[in-house]
Amino acid sequence: MSEEEPTPGSVRPGGRTARTRAAVLTATFDELGEGGYGELTMEKIAQRSGVHLATVYRRWGSVERIICELMIDKSADIALPDTGSLRADLLALASGIGGFYAAPRNRRVMEAVVAAAVRQPYAAEMLRDFFRDRRREAAVLVRRAVERGEVPADTDTDAVISALGAPFYYRLLISRGPIDQDLAATTAAAAYEAARAGVFRHPAADAGER
């Protein structure tokens, strides 16, 4: 096993560092798919990836740091839509989230990060920052809707996106039910209708009207 001689077919553009990162993240994803977080070790990741164990430890330091990086990497697959309609944008985003977590291995990545966050302050901080950043990125959908006059001008964009995402994570982590397109459709519709009705207006705006 050697970082100098990567597994045939695993070489990707970007140099040795990029190849090492890709090999380790792919190996971690595969290991989670087979055994889950409880059975994941640095040794298994190194063996499957073909990267020397010392290199894996030097770069990441722990399993928790690898799975956090893996979650960020995989979540980039969920695209932000721009359809010209908030209703359609929310449905497309919810469908993307639903499709992502419908894949068992993607569910296991999120489950692993949440489990890691209970044990490691680094993972807890990363998880908090990850969701904050994703909400901020997705909030552009609501800002566009404000500009088009679809929702009140004082709509809390973060609250709309939080309402869209929360049912998925409740289903994923609490009720342990299926993540499907029915969930995506009802969640998107609920978030849209609530935003249109002014449910997510900033509290300061409501207080000023009384």
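Checking each of I67, T28, I66 against W60 for a side chain to side chain contact (heavy atoms under 4.5 Å, CB included) leaves exactly one that passes, namely I66.
The two atoms that bring G84 and E150 nearest to each other are O-OE2, 4.2 Å, heavy atoms only. Contact record, I161 with R135: CG2-CA, 4.0 Å, taken as the closest heavy-atom pair. A pairwise comparison of heavy atoms in M42 and V63 identifies SD-N, 3.5 Å as the closest pair. Counting all heavy atoms, side chain and backbone alike, A163 lies closest to F200 at CB-CZ, 3.5 Å. Residue A94 comes nearest to A188 through the heavy atom pair CB-CB, 4.1 Å, listed as atom of the first residue, atom of the second, then distance. Considering all non-hydrogen atoms of both residues, A27 and I45 come closest at CB-O, 3.8 Å.
The shortest side-chain heavy-atom distance between R87 and E193 falls under the 4.5 Å cut-off. Side-chain atoms of T157 and R136, non-hydrogen and from C-beta on, never get closer than 4.5 Å to each other. Contact of the R171 side chain with the Y101 side chain is not registered, since no non-hydrogen atoms from C-beta on lie closer than 4.5 Å.
Interatomic distance, CZ of R176 versus CD of E111, reported as 4.0 Å (0.5 Å rounding). The SG atom of C68 lies 12.5 Å from the CG atom of D73; values are rounded to the nearest 0.5 Å. To the nearest 0.5 Å, the span separating CD1 on I72 from CG on L127 amounts to 9.5 Å. One finds the CZ atom of R21 at 9.0 Å from the CG atom of L70 (value rounded to the nearest 0.5 Å). In this structure, I179 CD1 and L172 CG are separated by 5.0 Å, a value rounded to the nearest 0.5 Å.
Taking the charged nitrogens against the carboxylate oxygens, D82 and R144 do have a contact shorter than 4.0 Å, which makes a salt bridge. Between E137 and R134, at least one side-chain N (NZ, or NE/NH1/NH2) sits under 4.0 Å from a carboxylate O, which counts as a salt bridge. Note on R132 versus D158: no salt bridge recorded, every NZ/NE/NH1/NH2 to OD/OE distance being 4.0 Å or above.
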Inset, instruction - Determine, stepwise, if the pair S62 / Q120 fulfils side-chain hydrogen bond (donor to acceptor under 3.5 Å, both in side chains). - result: CA-CA 10 Å; S62 69; Q120 296 287 342; 6.0 Å; no
Inset, instruction - Apply salt bridge (charged side-chain N to carboxylate O under 4.0 Å, His left out) to the pair R48 and E34, showing each step before the final yes or no. - result: CA-CA 12 Å; R48 184 182 284 265; E34 291 183 5; 2.8 Å; yes
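Between the side chain of R108 and the backbone N or O of Y37 there is no donor-acceptor pair closer than 3.5 Å. A donor-acceptor pair under 3.5 Å is absent between the side-chain atoms of T55 and the main chain of V51, judged by distance alone. Under a 3.5 Å cut-off, the side chain of T186 and the backbone N or O of L183 do form a donor-acceptor pair. Checking side-chain atoms of T155 against main-chain N and O of V151 turns up no donor-acceptor pair under 3.5 Å. No donor-acceptor distance shorter than 3.5 angstrom exists from the side chain of D154 to the backbone of H202, with no hydrogens or angles considered.
Geometrically, K74 does not engage F100 in a cation-pi contact, judged by NZ or CZ lying under 6.0 Å from the ring centre and within 45° of the ring axis.
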